[in-house]
Structure formats: structure tokens, C-alpha cells
Amino acid sequence: MTDQESGRRPKYQRIADELRTAIQSGDFAPGDRLPGENDLMSTYDVARMTARQALSVLRNEGLAEARKGAGVFVRSFRPLRRRGIPRLARDHWGNGRSVWSADIEDRALVVDQIEVTAATPAGPRVARVLDLSSPDDPVCVRSRRFVLDEKPVLLSVSYLPARLAEGTAITEPDTGPGGTYARLTELGHRPVHFREEIRCRMPTAEESTRLDLGFGTPVILIARTALSETGVPVELNEMTLDSSSYVLEYGFDA
């Protein structure tokens, strides 16, 4: 960027640029406190609102976080690298491990806010994806939140045809080793193909609260359909991700 182009940028953007560079170069390490509004006002000779906007830019980018009564700090949370292909390999869930085992390494994962409904009408959208004959056909719904290193990172809602889940551990909060896919395999409906659709939007108020999102942070939406060997959809999993907590990685051959 030329000096002329830089001069046309709003002051708060230029301040944010300098702070971002300092963070990326290591001048401010994870967990360090950034200069506060008063510091920025003095250093750059700007109004409080300009200083506040500069810090907000870094918060919205996921580089910094505000701590009530303490200031704004460089975010210390390590982004979660979601390996879209290896995480769904049968070697993981087929051997009693969660699909999450490909992502989290040795980090602390807690699954909470678990709600399971054994049978409820699918509705038009879910019925269409699961290839059900009617929107009134029942589905098992599994809703939960994933918290990594004490930070909420993902909301997940799975829909399965109730006829597959009825009377099995799939209708229980804990589905057992290997999770839902292992249970489907035991029932003769092993998932062999997955299709994911990815979108991005701003969160709803409920999503912001449950994921503890900073202002202006968008969410990533991933809708994954699992299909059996006969091509029959056996699960629709709709996931809402905190975009500042994720790196999406997809590796494949040419």
C-alpha cells in the first residue's frame, strides 16, 4: 500500500493496521494486553471513538478479546484446524474414536447443552435432504454444543430417520464409542459417502449467546449429509461454527 493510499484510509483503520502488524510480528504475544483507549488517544492524537473503533476492528477479526474491567488482550485461543476429509475417515469412528479426534489433538473438549428428541416431524427441508416420503415422517434430532479449551466453538444439530434410530443408543445423550456413525454401521447402514455444503452469514442472537461471539463475528454454516452404501441419506448434520475459531482444511489429489 502506498503512502497516498494509506493516507486515504480512516485513522482507526490505520491504527488497527499498526496494531495488527505488531501482533503478527510477535511484539504483542497471545495473552498480552493491548494499548487501551487512553493510550491510543495519546499516541495517535485521536478522539476516544477513533481509538475504540481501532480496537473493535481487531476484536471483530478475532485477533483480540475484551475482558471486562481489564482491557483488550491479544487472543490466546488457538484456532481449530478442521480437516474436512481425514476427520470423516472410517479409521477414526470405526475404531471407537469421535470424528473430532482428527481435529483436537490433546486439547480439552467438552460437549454440553445436549438435547435429544427420539421422534419429531421432519419438516419440508429435512425431509427433502433425507429423502423421506413426507414432511410428517419422524426424525431423531440430536442437538449439542462443543466447547474447546473452555471456548464454545460449534453448535451441532443432527437429524436421522426415526426408523433407524428407534430403540438404539442414537436416541441417548451418549451414543457410545465411535458415536452415531459407529451405531449406524452396527445397524447395517454404514456411512460411506459424505456431502458438505458451506455458507457464511452473521449469527442470530441465540447463536451469539451460545457461542459467546464477539460483536461483528460471522458464523460458518456446514450442512453435512451422510449416505449409506446404497446411496440412502442416513443423517443430516447442520453445524454452526464460530468463524474466528476455525481454519477449514481440505486436502485432495488432482
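- Counting only heavy atoms from C-beta outward, the side chains of Leu248 and Ile198 approach each other to under 4.5 Å.
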Exercise. Between Arg195 and Arg224, does a side-chain contact (heavy atoms from CB on, under 4.5 Å) hold up when you go through it step by step?
Worked result: CA-CA 6 Å; Arg195 179 178 63 247; Arg224 181 177 70 227; over 6 Å; no
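- Ser133 and Asp137 are linked by a side-chain donor-acceptor pair at a separation below 3.5 angstrom, with hydrogens and angles left out of the test.
- Shortest non-hydrogen contact noted between Pro203 and Val219 is CB-CG1, 3.8 Å.
- Looking at Asp242 and Leu154, their side chains never come closer than 4.5 Å, going by heavy atoms from C-beta outward.
- If you chain together hydrophobic residues whose side chains sit under 4.5 Å apart, Tyr12 and Leu34 never meet in one group.
- In this structure, Leu132 CG and Arg128 CZ are separated by 11.5 Å, a value rounded to the nearest 0.5 Å.
- A donor-acceptor contact shorter than 3.5 Å is absent between the side chain of Thr117 and the backbone of Thr120.
- By the neighbour-count criterion of 12 heavy atoms within 6.0 Å, atom CE of Met49 is sparsely surrounded, having that number or fewer from other residues, nucleotides or ligands.
- Not one N or O on the side chain of Thr217 forms a donor-acceptor pair closer than 3.5 Å with the backbone of Leu213.
- In the hydrophobic cluster analysis, where Ile, Leu, Val, Met, Phe, Trp and Tyr join through side-chain heavy atoms closer than 4.5 angstrom, Ile23 is grouped together with Val72.
- The distance from the CD atom of Gln53 to the CG atom of Leu40 is 12.0 Å, given to the nearest 0.5 Å.
- Proximity of a side-chain donor or acceptor of Ser25 to a complementary backbone N or O of Ala22 within less than 3.5 Å is detected.
- When hydrophobic clusters are built by joining Ile, Leu, Val, Met, Phe, Trp and Tyr residues whose side-chain heavy atoms come closer than 4.5 Å, directly or via intermediates, Leu155 is not grouped with Val116.
- To the nearest 0.5 angstrom, Leu221 atom CG is 8.5 Å from Leu241 atom CG.
- The distance from the CG atom of Leu130 to the CD atom of Glu235 is 8.5 Å, given to the nearest 0.5 Å.
- In this structure the side chain of Asp17 reaches within 4.5 angstrom of the side chain of Arg9, judged on heavy atoms.
- Pairing each heavy atom of Phe28 with each of Leu19, the nearest pair is CE1-CD2, 4.4 Å.
- Summarising the geometry of Glu37 relative to Ala51, their closest heavy-atom pair is O-CB, 3.7 Å, with the distance given to 0.1 Å.
- Linking ILVMFWY residues whenever their side-chain heavy atoms come closer than 4.5 Å, directly or via other members, leaves Ile222 and Leu211 in distinct clusters.
- Atom-to-atom distance recorded for Glu150:CD and Leu109:CG is 12.5 Å, nearest 0.5 angstrom.
- Looking at heavy atoms from C-beta onward, Pro233 lies out of side-chain contact with Val129 at the 4.5 angstrom threshold.
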For this session: Evaluate the criterion side-chain contact (heavy atoms from CB on, under 4.5 Å) for residue pair Glu238 and Val126; output intermediate values, then yes/no.
Result: CA-CA 10 Å; Glu238 296 184 328; Val126 175; 5.6 Å; no
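- Residue Arg67 qualifies as enclosed at atom CZ: its count of foreign heavy atoms under 6.0 Å is above 12.
- With sequence neighbours excluded, the residues that form a salt bridge (Lys or Arg N to Asp or Glu O under 4.0 Å) with Asp112 are Arg145.
- Pairs engaging residues 167-189 under the salt bridge (Lys or Arg N to Asp or Glu O under 4.0 Å) rule: Arg183-Glu186 [sequence neighbours left out].
- Residues Leu164 and Val234 have side chains in contact (heavy-atom distance under 4.5 Å, counting atoms from C-beta outward).
- By the 4.5 Å heavy-atom criterion applied to side chains, Arg48 and Asn38 are counted as neighbours.
- Here the closest non-hydrogen pair linking Ala118 and Thr171 is CB-CG2, 4.2 Å.
- Side-chain contact check for Asn237 and Arg142: no donor-acceptor pair (N or O, by modelled atom type) lies under 3.5 Å.
- Panel note: side chain Gln13, backbone Pro10; no donor-acceptor pair is recorded below 3.5 Å.
- Looking at heavy atoms from C-beta onward, Ser228 lies out of side-chain contact with Val192 at the 4.5 angstrom threshold.
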For this session: Give the C-alpha distance, both sets of side-chain angles, the deciding distance and a yes or no for side-chain contact (heavy atoms from CB on, under 4.5 Å) between Val153 and Val147.
Result: CA-CA 6 Å; Val153 295; Val147 181; over 6 Å; no
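- No hydrogens or angles considered: a donor-acceptor pair under 3.5 Å links the side chains of Ser245 and Arg75.
- Between Lys151 and Glu65 there is no salt bridge, since none of the side-chain N atoms of the basic residue sits less than 4.0 Å from a carboxylate O of the acidic one.
- Here the closest heavy-atom approach between residue Pro135 and residue Ala127 is recorded as CA-CB, 3.8 Å.
- Nearest approach of Phe73 to Gly31, heavy atoms of both residues: CD2-O, 3.3 Å.
- Taking 4.0 Å as the cut-off between side-chain N and carboxylate O, Arg144 and Glu115 do not count as a salt-bridged pair.
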Problem set entry | Pair Ser156-Phe146, side-chain contact (heavy atoms from CB on, under 4.5 Å): steps then yes or no | CA-CA 8 Å; Ser156 177; Phe146 292 78; 3.7 Å; yes
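- Under the 4.5 Å side-chain criterion, counting only non-hydrogen atoms from C-beta, Thr50 is in contact with Ile15.
- One hydrophobic cluster, built from ILVMFWY side chains closer than 4.5 Å, cannot hold both Val141 and Ile170; they sit in different ones.
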